[in-house]
Amino acid sequence: MLGAGRWVMFTGAVLVLVGILIRRWAGRYDLKDAAIDSAWTLLRGKRSADNPTAIEGKLQDIASQPTWTGKATRTASTAAGHFLAQIGQTVALFLILAGLVLAAGGYLWR
């Protein structure tokens, strides 16, 4: 049977894991991360016609829509995804910090 300190440590570890998973999800929709990744790709000289940057991929996705309403809808969904990603990354940061505090508290409580 686990003691109270170990349960607190386990809960902290679960919070850290959930925070990391939320950050991974939010990273796919964050335009800031896409811009940084695109700049890094250009800086390293890895950009080619076969290997577009992250921003170019998002722009190609918008341009591939057949109608102007489809393009507007895709642009709006990309912007909404970026907004939700910012919220998700903030929540993930708080979950990771709370999990680390709980894990440390559980370790000290033993």
Side-chain angles (χ1 to χ4, degrees):
M1 183 93 174
L2 295 175
R6 296 200 191 267
W7 276 110
V8 172
M9 283 176 44
F10 178 72
T11 304
V14 168
L15 284 178
V16 169
L17 180 64
V18 169
I20 289 171
L21 291 175
I22 290 174
R23 276 190 61 82
R24 286 194 65 187
W25 168 82
R28 281 186 257 151
Y29 300 100
D30 189 13
L31 294 177
K32 221 175 9 176
D33 285 348
I36 291 170
D37 184 48
S38 295
W40 186 244
T41 301
L42 288 174
L43 219 104
R44 291 185 326 198
K46 301 288 184 182
R47 193 233 173 256
S48 66
D50 298 331
N51 184 25
T53 63
I55 290 289
E56 287 174 333
K58 290 186 184 297
L59 289 174
Q60 288 172 357
D61 185 35
I62 292 170
S64 70
Q65 299 300 314
T67 62
W68 67 271
T69 55
K71 291 177 186 183
T73 303
R74 176 58 69 188
T75 302
S77 66
T78 300
H82 173 70
F83 177 72
L84 291 174
Q86 296 301 303
I87 294 171
Q89 287 197 358
T90 303
V91 168
L93 178 65
F94 283 120
L95 285 176
I96 291 170
L97 289 175
L100 290 174
V101 167
L102 281 175
Y107 178 76
L108 294 174
W109 189 359
R110 300 187 302 152

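Keep in mind the model is a prediction, meaning the values are calculated, not measured.
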I need the Phe94 CZ to Gln89 CD distance, nearest 0.5 Å.
13.0 Å
Evaluate Leu31 against Lys58 for side-chain contact (heavy atoms from CB on, under 4.5 Å), listing each step before the verdict.
CA-CA 9 Å; Leu31 294 177; Lys58 290 186 184 297; 3.5 Å; yes
Name of the residue among Ile55, Asp33, Leu43 meeting side-chain contact (heavy atoms from CB on, under 4.5 Å) with Ser38
Ile55
Let me check something: do Ile22 and Leu100 share a hydrophobic cluster, defined by ILVMFWY side-chain heavy atoms less than 4.5 Å apart, either directly or through other members?
no
Do you reckon Tyr107 sits in the same ILVMFWY cluster as Val101, going by side-chain contacts under 4.5 Å, direct or chained?
no
Considering non-hydrogen atoms only, spot the tightest contact between Ala92 and Gly19 and give its length.
CB-O, 3.2 Å
Closest heavy-atom contact between Arg74 and Ser77?
O-OG, 2.9 Å
Considering residues, nucleotides and ligands other than Arg47, do more than 12 of their heavy atoms fall under 6.0 Å from its CZ?
yes
What's the spacing between His82 NE2 and Ile87 CD1 if we round to 0.5 Å?
10.5 Å
Decide whether Phe10 and Val8 are clustered together by the hydrophobic rule: side chain heavy atoms of Ile, Leu, Val, Met, Phe, Trp, Tyr closer than 4.5 Å, transitively.
yes
Evaluate the ring planes of Tyr29 and Trp25, with Trp represented by its six-membered ring, and classify them as parallel (under 30°), tilted (30 to 60°) or perpendicular (over 60°).
tilted
Closest approach of Met9 and Ala103, non-hydrogen atoms and distance?
CG-O, 3.3 Å
Considering all heavy atoms, the nearest Ala4-Trp109 contact
CB-CH2, 3.6 Å
At their closest point, which heavy atom of Glu56 faces which heavy atom of Thr53, and how far apart are they?
OE1-N, 2.9 Å
Give, for atom OG1 of Thr75 and atom CG of Asp61, the distance between the pair rounded to the nearest 0.5 Å.
9.5 Å
Would you compute the distance between atom CG of Leu84 and atom CG of Asp30 and round it to the nearest 0.5 angstrom?
11.5 Å
Result for side-chain contact (heavy atoms from CB on, under 4.5 Å) between Ile20 and one of Leu95, Leu15, Ile96 points to Ile96
